[in-house]
Amino acid sequence: MSTSHLDQLFSRRHFVIGSSALAAAALSGGLWGCTSRESLGSTGAAISPEQNVADIVLYNGHVQTMVSEGDVASAVAIMGNKIVYVGDGSGIDAFVGDSTRTIDLGGKFVSPGFMDGHIHAPGSWYTSLYEIDLTGLTTNEEYLEAIRAFVEAHPDEEAYTGTPFMLNAYQLPDGSNPGPLKEDLDAICPDKPMLISDVSYHSAWVNSKALELAGVTADTPDPDGGLFYRNEKGEPSGCVSDAAKEMIAAIMPNTMTNDKLEEAMYQFMEEANSYGVTGLTNITEGGLDVIDMYHKLEDGGNLTLRMRVVPTMNASRTYEEVLSAIKGYNASATDMITSNTVKIFYDGVTESGTAVMLQPYLESAGLGAHWCGTPVWSQEDFTRLVRDFDAEGVQVHVHAIGDGAVHGTLDAYEEARAANGERDARHTMTHVCAITDEDIQRMADLEVVGALQFLWMYGDALCDLERAYIGDERALAMYPVKEMHEAGVTISGASDAPVTPFVVLDEIEVGVTRNSPFPEEENTDMTRWPEQGLTAYQMLEAYTKNVAYQNFMEDAVGTVEVGKFADLVVLDANILEVDPKEISSAKVVYTISDGRIVYEG
């Protein structure tokens, strides 16, 4: 179709006829149920013009359908929230009517909307609106100045929370890391509890009042799966990690309400859409009733992210409570909101010494000569949880960072399969920072999905901490992604935001180059095992169709095909053909969520 003809059609009066009924027919194998590329044009042309009007037509573009690497089209038609045509320009005419918004892409790149396989929404937006925000600060002095300013501006709060500080600020030349001190917070607020999380959310900086209210003294032992940093006298010094952090968090007043989360979600969705993100595996913040807030957003027509809502099984909740919540989520599932997944922690993080390793941490890290970390749950209890959730048909999504945690998680998945029989479980491990060759193959054989954070895979500040805790050789051998891919592991892309940003184009670039994606750094040598880089197409798969697969939504999203939901992103450059260092420079031009243009760049 010529541009002039499209312009003439677009200038006519607006009308819509029968879109909902036609979309339903498409899904049932009716009007546009045929997925053969060759037949699409004739199928469309056979329908009367009044029935065939699309709401949005994209043409004259490079449409990477993700069905396969060579499957490329030039035009897409959207009616309601469904894709009704994928093909070349000659077949698009029949879908353009008075009501159609036509967009000449001018060669721009179209792919399925980006998805994030492990993220915590609304993340840092909640902090920026309601808590102490240390974003962008790097020194103890800067942290204290911001904390003091917040406390002075909010004198009536009954407790103070915030994030994110960096443990790098406290690293000593000998390799040890004492962390931040309670006395610094005591000088600002001695009479109310304070808990400031680090960038990973696994460690926290607390004051003496918080330790007192939690009943923590010099005689309190480190809990399994956690550590109290201690001073020369053996007293808790003010930094706590993982299970120890949870002991403090348990006494903090719960001020996170659904109303506050909703306000933060509007900001989060706007940002996510600007990055081309249309779907999430949302490891939810808030209580088990947070699903009500998401349905409220959807009912108001304000939800612009298709998501799988995932509650966390932790020590403050019983198995029965979490299973009941998941069943309730499933009963209220919609096209935009699904569930049937639970997250469980196996271990902590390397930079706090709480990731479970098969070999000990360095003695210089100050954790002892034979410290390998301890799991959050005993192996028996963890395996029981995995087996019981699996028996109920629930997908289990495990946080496993150390190679010991990965090994223990795979043992539990094996036992669940032996006890309950094989099924299409798509159990997932997220992070998988360290893994043995044998467990790479076991992961593939058990069909476990790996939800990986590619922005962690270059020589950044956290890499420096990992090197300090486990040594250069082991730290630089983390994230063997290419080996995992070649073994047959399905790899989905994830950010773990707010731990690290969720700018997908940055993540895709790192996955290819294993170097920093940031302009001021990408020409420096911050590479980390570059031989493990994937191709740009493999990375695009990770952030589209593979997350859809992880979330049991491959029949609905993840590829650009007739009958699927219209979740798309338009970029100003073909990221599969540019110099890999230019991938992060591509701009999002349009983001389309559920058939709606929710972002225009």
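Note that the numbering runs from 1 along the sequence shown for the chain.
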Minimum heavy-atom separation for [X] to [Y], with atom names?
X	Y	result
N340	I326	CA-CG2, 3.6 Å
D292	N258	CB-ND2, 4.4 Å
I583	A536	CD1-CB, 4.3 Å
M307	L303	CE-CD1, 4.0 Å

If we ignore hydrogens and angles and just use 3.5 Å, is the side chain of [X] paired with the main-chain N or O of [Y] as donor and acceptor?
X	Y	result
D472	R467	no
Q395	Q550	yes
S324	E320	no
R306	T278	no
E351	E466	no
S516	M526	no
D198	L167	no
K343	N314	no
S495	A497	yes
D403	T436	no

Just so I know, are the side chains of [X] and [Y] near enough to count as touching, which here means a heavy-atom distance under 4.5 Å?
X	Y	result
L476	C463	yes
D335	D594	no
M115	D567	no
T312	R317	yes
V547	D116	no
M66	E561	no
P193	I251	yes
F502	F114	no

Please identify each residue that fulfils salt bridge (Lys or Arg N to Asp or Glu O under 4.0 Å) with [X], with sequence neighbours left out.
X	result
E262	K296
D464	none
D496	none

Q: List in chain and number order the residues that pass ring pair (Phe, Tyr, Trp, His ring centres under 6.0 Å) with F345, two or more places apart in sequence or in another chain; answer none if no residue qualifies.
A: H202, H399
Q | Set of ring pair (Phe, Tyr, Trp, His ring centres under 6.0 Å) partners for Y170, sequence neighbours left out | A | none
Q) Think R308 forms a cation-pi with F552, using NZ or CZ under 6.0 Å from the six-ring centre and within 45 degrees of its axis? A) no
With sequence neighbours left out, write down each residue that passes side-chain contact (heavy atoms from CB on, under 4.5 Å) with [X], or none if nothing qualifies.
X	value
K245	L195, S197, Y201, A204, V240
A169	Y143
P360	C372

**Q.** Pairwise side chain to side chain donor-acceptor pair (under 3.5 Å) hits with a residue in residues 371-388, at least two apart
**A.** Y346-Q379, S378-D381, Q379-T383, E380-R384, D381-R384
Q: Please list all pairs passing the side chain to side chain donor-acceptor pair (under 3.5 Å) test where one or both residues lie in residues 353-370, with sequence neighbours left out.
A: D242-T354
(Q) Working note: T430 + Q453, criterion side chain to side chain donor-acceptor pair (under 3.5 Å); need CA distance, chi angles, decisive distance, verdict. (A) CA-CA 8 Å; T430 190; Q453 289 68 38; 3.1 Å; yes
Do we see a donor-acceptor contact under 3.5 Å between the side chains of [X] and [Y]?
X	Y	value
H397	T281	no
E447	T490	no
E298	Y294	no

Q: Quick one: do Y319 and F389 satisfy side-chain contact (heavy atoms from CB on, under 4.5 Å)? Show the steps, please.
A: CA-CA 9 Å; Y319 166 80; F389 279 117; 3.4 Å; yes
Q: Start with the C-alpha distance between R442 and D445, add both sets of side-chain angles, then the distance that settles salt bridge (charged side-chain N to carboxylate O under 4.0 Å, His left out), and finish with yes or no.
A: CA-CA 5 Å; R442 268 213 303 168; D445 294 342; over 6 Å; no
**Q.** Pairs where residues 450-487 contributes a residue and the test ring-ring contact (aromatic ring centres under 6.0 Å, His included) is met, not counting sequence neighbours
**A.** H431-W456
Q: Please lay out, stage by stage, how T127 and T163 fare under the test side chain to side chain donor-acceptor pair (under 3.5 Å).
A: CA-CA 7 Å; T127 296; T163 193; 5.7 Å; no
(Q) I'd like to check the side chain to side chain donor-acceptor pair (under 3.5 Å) partners of Y130; sequence neighbours left out, ordered by chain and number. (A) none
